[in-house]
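Take a look at the structure set out below.
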Amino acid sequence: MTTDFRKLAAPAVLGLSPYVPGKPLSELEREYGIHDSVKLASNENPLGPSPRAVQAATAALGGIRFYPDGNGHELRQALARHHAIAPECITLGNGSNDLLVMLAEAFLAPGVEAAMSEYCFQIFPLAAQATGATVAIAPANPRKAAMPLGHDVKALRAAVNARTRIVFIANPNNPTGTWLAPGELRGFIKSLPDTTLVVVDEAYHDYSRAVDCPDASAWLSDLPNLVVLRTFSKAYGLAGLRVGYGLSHPDVAELLNRVRQPFNVSVVGLAAASAALGDRPHVEAVAVLNRAGVEQLTQGCRAVDIACLPTAGNFLLIDLGRPAAPIYQALLRAGVIVRPMAPYGLPNYLRISTGTAAQNERCIKALAAALGSAA
Ligand SMILES: *Cc1c(COP(=O)(O)O)cnc(C)c1O
């Protein structure tokens, strides 16, 4: 008789469903026996990182027999200069995902609550539930709203009570692409009790500067309950290295540091991130390419009568108006990986990341063909 390990698991863990990532290229090519496929499924950056970051990462390989600097001194100094903030306010993470888990560990437990919106980033409920805390989900905007399926700050405020320790907001939000305007977000944060932290995940900040999406990091000095998360995975093109960070009140950072794994960012990650931060023109070029990609994909969808939601990110949520699974499968057979949205409760939707002009074109053609043959 083997042990029923489920009986041994922490009760909160039994209620979790694992995160479903975008399908890796290698897996698609293995399963379908094809090559030259394109992945527009995980909001990765088609230009990749700055050459300076690649150079720094390569050079850092010479030092991988040593543990990394557990305090990440150099990167935190560089980030402190970049954000004009004290280094004590910065917590480094193995991706910003790591910060989400640290925040949950430090502030959530059975008996307290975390609040978030419907159609929010899926790691939010996952990190919160794992602690045994109660998760309150606020209804999102209706499909017909100006920010369809986006966060409704009134509903979110109504989901907060005296037991709420954290409100999680991605701005812009993944997977919807929608965003809260500066006044709306700031007003919401100011309306919260001082026993509630608000985590504003700005993973897409360098893309969202194209629209009226705020830079919440500018509010840290007068909103002490605010935590802002940033990542090197998106516009900086370092998703594979796993580096993110949190900006917060130093007392919050000190608490996060108690649950942080001592060497959570690698030698290579630290070096590459510091170098990437110094190459603003590269990030600008990435943002410019993304705007062209959003335009190209939007036009392409429009041409086949598919509705795209507004986006401040490097991805588009598209509403097929019918089950998306067969279209997703047809795209896979054509060598184009996009993201099915059924795990988010949106079975009629697909999320498409922007790629190069050629990759976007390939996706549009495959989508038109899939829709034609499925009609
Ligand atoms: C992609 C993404 C992240 C980045 O996660 P990392 O762990 O830094 O790679 C964080 N938040 C949101 C909302 C995202 O979409």
Side-chain angles (χ1 to χ4, degrees), residues 18-22 24 39-46 48-49 53 72 75 79 90-104 114 116-128 130 140 149-151 166-180 185 198-208 213-214 216-217 227-247 256 260-261 264-266 268-270 272-273 276-277 283 286 290 309 311-317 338-339 341 343-344 346 351-354:
Y19 180 77
V20 186
K39 184 182 176 205
L40 301 174
S42 300
N43 302 344
E44 290 148 341
N45 167 353
L75 177 56
L79 287 168
I90 302 169
T91 309
L92 299 183
N94 191 248
S96 47
N97 197 314
D98 192 21
L99 266 308
L100 293 169
V101 173
M102 284 187 246
L103 284 156
M116 59 202 72
S117 175
E118 200 180 4
Y119 313 127
C120 68
F121 185 44
Q122 269 195 324
I123 302 297
F124 298 166
L126 204 55
L149 312 181
H151 291 12
I166 305 183
V167 181
F168 289 101
I169 296 175
N171 201 43
N173 183 49
N174 171 20
T176 57
T178 54
W179 65 98
L180 295 171
L185 180 59
V198 56
V199 174
V200 178
D201 179 349
E202 296 187 333
Y204 300 96
H205 173 71
D206 288 296
Y207 298 119
S208 69
C213 187
S217 72
V227 180
V228 175
L229 303 187
R230 297 283 182 92
T231 180
F232 285 93
S233 297
K234 302 287 157 61
Y236 288 102
L238 293 173
L241 279 184
R242 318 300 306 125
V243 190
Y245 58 99
L247 303 170
L256 296 179
R260 187 178 64 85
Q261 289 181 39
N264 61 336
V265 185
S266 74
V268 178
L270 289 171
L277 197 61
V283 176
V286 168
N290 179 58
L309 274 63
T311 184
N314 65 336
F315 55 90
L316 284 164
L317 187 63
V338 298
R339 195 67 162 268
M341 288 286 113
Y344 280 86
L346 296 167
R351 194 193 66 194
I352 307 175
S353 310
T354 63

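Numbering starts at 1 and runs along the sequence shown. One-based numbering, in listed order, for ligands and for the atoms of each.
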Worksheet item: Are any of the N/O atoms in Ser96 less than 3.5 Å from those in ligand 1?
Response: yes
Discussion item. Side chains of Arg242 and Asn97 only: does a donor on one sit below 3.5 Å from an acceptor on the other?
Written reply: no
Discussion item. Between Phe124 and Asp201, does the side-chain contact (heavy atoms from CB on, under 4.5 Å) criterion hold? Intermediate values first, please.
Written reply: CA-CA 10 Å; Phe124 298 166; Asp201 179 349; 3.8 Å; yes
Practice prompt. Given ring-ring contact (aromatic ring centres under 6.0 Å, His included), test Phe121 with Phe168 step by step and report yes or no.
Written response: CA-CA 9 Å; Phe121 185 44; Phe168 289 101; over 10 Å; no
Practice prompt. Determine, step by step, whether Asn314 and Ser353 satisfy the side-chain hydrogen bond (donor to acceptor under 3.5 Å, both in side chains) criterion, reporting the C-alpha distance in whole Å, the side-chain angles of both residues, the deciding distance to 0.1 Å, and the verdict.
Written response: CA-CA 6 Å; Asn314 65 336; Ser353 310; 5.7 Å; no
Worksheet item: Nearest to atom 3 (C) of ligand 1, what protein heavy atom do you find, and at what distance?
Response: Lys234 NZ, 3.3 Å
Discussion item. Looking at ligand 1, would Ser233 count as a contact under a 4.0 Å heavy-atom criterion?
Written reply: yes
Worksheet item: Hey, which atoms in ligand 1 end up nearer than 4.0 Å to a heavy atom of Gly95?
Response: 6 (P), 7 (O), 8 (O)
Worksheet item: Which residue supplies the protein heavy atom nearest to atom 7 (O) of ligand 1, what is that atom called, and how far is it?
Response: Arg242 NH2, 2.6 Å
Worksheet, complete the sentence: For Ala203, the atoms of ligand 1 under 4.0 Å from one of its heavy atoms are 2 (C), 3 (C), 10 (C), 11 (N), 12 (C), 14 (C)
Item to complete: Give yes if a backbone or side-chain nitrogen or oxygen of Tyr204 is under 3.5 Å from a nitrogen or oxygen of ligand 1, and no if not.
Response: yes
Discussion item. As a quick check of understanding, evaluate side-chain contact (heavy atoms from CB on, under 4.5 Å) for Lys234 and Asp206, giving each step before the final call.
Written reply: CA-CA 9 Å; Lys234 302 287 157 61; Asp206 288 296; over 6 Å; no
Practice prompt. Using a 4.5 Å cut-off on heavy atoms from C-beta on, say whether the side chain of Arg230 contacts that of Ser96.
Written response: no
Worksheet entry | Options Leu241, Asp201, Asn174, ranked by nearest heavy atom to atom 12 (C) of ligand 1, top entry | Asp201
Discussion item. I'd like to know if the side chain of Gln261 and the backbone of Asn94 have a donor-acceptor N/O pair within less than 3.5 Å.
Written reply: no
Worksheet item: Which part of Phe232 is near ligand 1, with near meaning a heavy atom under 4.0 Å away: side chain, backbone, both or neither?
Response: neither
